[in-house]
Amino acid sequence: MLDGHPLVLADLRARLAEPQRVYHGQAHVDALLNDFRAGRDAFHVPDAVELAIWFHDAVYVPGARDNEARSADLLRRRLDGLVSAPTLALAETMVRATEHHTVPDALPSTQAEDIAGFLDMDMAILGAEPATYDDYAEGVAREFIPVVGEASYRHGRAAFLRAALNPARTLFLTVRARTSLDGPARSNMQRELTHLC
C-alpha cells in the first residue's frame, strides 16, 4: 500500500535501520508482512492492517514508555490526506493497541477482529520454533541491556515472563492463535525464564 508513497516508505525504512534496533527492525516488519500477505483475506480492512504493520514500531527507543503513541502520531502526520480517513483511524487505533496488546472496548466487531488478528501476528514470535524465539529474546536483550544494564534487564524481563506465564492470562486474542501458539509460547517463555534465573 505504501508503494505509491516512496518518501513515506523511505523514511520508515531509515527508521527501521536505526542502530538501537536488533529485533524491532526491518526483519520484524518483513516477517509480519509475509504473515499478513498469506492471510490478507481474513481481514475486513487489510489496508489498515498493512499500515499498522509498517508503523507500529516506527518510533522505537528501548525503555521509552511512549513509543506506541509516538508511532501512532507519526502515522497520522505522514498519511493524513493520503489514505482514507476510516482506514487511517483504524490503523492508528491498531498501533496504539500495541502498548498493552489489548483490543479497545466498544469497537464494531469487524474492527475488533482486525485488531485482534494484527496483535496476534505481532506476538506470534512467542510461539515460534525454539531457535527463532531464542533469536528474538537475544535481540530484545541486546536492545535493552545498553540502556538499563544487564542486572536490571534480567530482573525486568523475568518479571514480564512470570506475569505472561500466569495461567489466568491470555497470551493471544484469537481462537486460531490460541490453538496453535499458546502451548509453544509458554514453553519458550518458561525456557527463557529458567535461563534468566
Side-chain angles (χ1 to χ4, degrees), residues 1-18 21 23-60 66-128 132-133 136 139-140 170-182 184-185:
M1 172 161 196
L2 290 177
D3 291 343
H5 306 289
L7 294 180
V8 175
L9 193 55
D11 177 64
L12 286 169
R13 289 192 184 281
R15 289 171 178 275
L16 292 166
E18 291 166 342
R21 298 173 185 263
Y23 172 73
H24 293 90
Q26 187 67 58
H28 170 55
V29 168
D30 289 344
L32 291 181
L33 288 170
N34 287 337
D35 290 347
F36 164 70
R37 289 170 184 141
R40 181 182 177 96
D41 292 343
F43 292 100
H44 301 282
V45 188
D47 286 350
V49 178
E50 186 172 353
L51 292 176
I53 289 170
W54 272 107
F55 276 89
H56 77 289
D57 286 327
V59 176
Y60 183 70
D66 61 349
N67 287 325
E68 297 84 2
R70 292 176 62 202
S71 294
D73 291 345
L74 179 69
L75 182 152
R76 169 69 60 183
R77 287 195 313 273
R78 295 307 305 263
L79 295 179
D80 194 20
L82 299 180
V83 299
S84 74
T87 298
L88 182 60
L90 180 55
E92 183 180 358
T93 300
M94 289 179 181
V95 172
R96 291 186 188 280
T98 61
E99 180 177 1
H100 301 292
H101 277 266
T102 56
V103 177
D105 294 331
L107 289 176
S109 62
T110 55
Q111 292 185 13
E113 289 167 9
D114 279 2
I115 293 171
F118 161 68
L119 293 174
D120 280 354
M121 278 195 306
D122 190 33
M123 296 297 281
I125 188 66
L126 298 178
T132 302
Y133 177 91
Y136 143 76
V140 173
T170 301
L171 296 176
F172 300 100
L173 303 169
T174 64
V175 172
R176 179 180 175 209
R178 284 196 298 269
T179 301
S180 62
L181 297 174
D182 189 80

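Note that these values count all heavy atoms, side chains included, but never hydrogens, waters or copies made by symmetry.
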**Request:** Quick one: pull up CG in L51 and CD1 in I53 and give me the separation to the nearest 0.5 Å.
**Result:** 9.5 Å
**Asked** Do you know the tightest heavy-atom contact between P184 and G127?
**Response** CB-O, 3.6 Å
**Asked** Only one of T98, L90, T102 clears side-chain contact (heavy atoms from CB on, under 4.5 Å) with I115; which?
**Response** L90
**Asked** Got D122 and H28 here, is their nearest side-chain heavy-atom distance under 4.5 Å?
**Response** yes
**Item:** Close side-chain approach of Q111 and H44, heavy atoms under 4.5 Å
**Value:** no
**Prompt:** Short question: side chain of D57, backbone of H24 - any donor-acceptor pair under 3.5 Å?
**Reply:** no
**Message:** Any side-chain to backbone donor/acceptor pair from E99 onto E68? Under 3.5 Å, distance only.
**Reply:** no
**Exercise: identify the closest heavy-atom pair between P104 and A97** = CD-CB, 4.4 Å
**Asked** Is there a donor-acceptor pair closer than 3.5 Å between any side-chain N or O of D114 and the backbone N or O of V45?
**Response** yes
**Request:** Answer yes or no: does atom CZ of R176 have more than 12 heavy-atom neighbours from other residues, nucleotides or ligands under 6.0 Å?
**Result:** no
**Request:** Evaluate the criterion side-chain contact (heavy atoms from CB on, under 4.5 Å) for residue pair R13 and W54; output intermediate values, then yes/no.
**Result:** CA-CA 9 Å; R13 289 192 184 281; W54 272 107; 3.8 Å; yes
**Request:** Report the C-alpha distance between L2 and L12 in whole Å, list the side-chain angles of each, state the deciding distance to 0.1 Å, and finish with yes or no for side-chain contact (heavy atoms from CB on, under 4.5 Å).
**Result:** CA-CA 10 Å; L2 290 177; L12 286 169; 3.6 Å; yes
**Prompt:** Would you call R77 and D73 a salt bridge, taking side-chain N to carboxylate O under 4.0 Å as the test?
**Reply:** no
**Request:** Over all heavy atoms of both residues, which pair between G117 and T174 is shortest? Give the atoms and the distance, please.
**Result:** N-CG2, 4.0 Å
**Request:** Report the distance from atom CG of L181 to atom CG of L126, rounding to the nearest 0.5 Å.
**Result:** 8.5 Å
**Request:** Measure the shortest side-chain to side-chain distance between F36 and P46 over non-hydrogen atoms and say whether it is less than 4.5 angstrom.
**Result:** yes
**Request:** Examine distances only and state if a side-chain atom of D120 and a backbone atom of L173 form a donor-acceptor pair shorter than 3.5 Å.
**Result:** yes
**Asked** What is the distance from atom CZ of F172 to atom CE of M123, rounded to the nearest 0.5 Å?
**Response** 6.5 Å
**Request:** Hey, could you give me the CD/CG distance between E18 and L16, rounded to the nearest 0.5 Å?
**Result:** 7.5 Å
**Prompt:** Do you know the tightest heavy-atom contact between D3 and P6?
**Reply:** O-CD, 4.1 Å
**Message:** I'd like to know if the side chain of T87 reaches the main chain of A48, judged simply by a donor and an acceptor atom lying under 3.5 Å from each other, with no hydrogens or angles considered.
**Reply:** no
**Request:** Using the six-membered ring wherever Trp is involved, compare the ring planes of Y136 and Y23 and label them parallel, tilted or perpendicular (cut-offs 30° and 60°).
**Result:** perpendicular
**Complete:** In this structure, CG of L107 is separated from CD of E113 (nearest 0.5 Å) by 11.0 Å
**Prompt:** What is the minimum heavy-atom distance between A17 and R21, and which atoms define it?
**Reply:** N-CD, 4.5 Å
**Request:** Check whether any side-chain heavy atom of L79 sits under 4.5 Å from a side-chain heavy atom of F55, and report yes or no.
**Result:** yes
**Prompt:** Which distance, rounded to the nearest 0.5 Å, do you find between the CG of N67 and the CG of L74?
**Reply:** 12.0 Å
**Prompt:** Parallel, tilted or perpendicular for H56 and F118, by the 30°/60° rule?
**Reply:** perpendicular
**Message:** Please find the pair of heavy atoms, one from E92 and one from A72, that lie closest to each other, and give the distance.
**Reply:** CG-CB, 3.9 Å
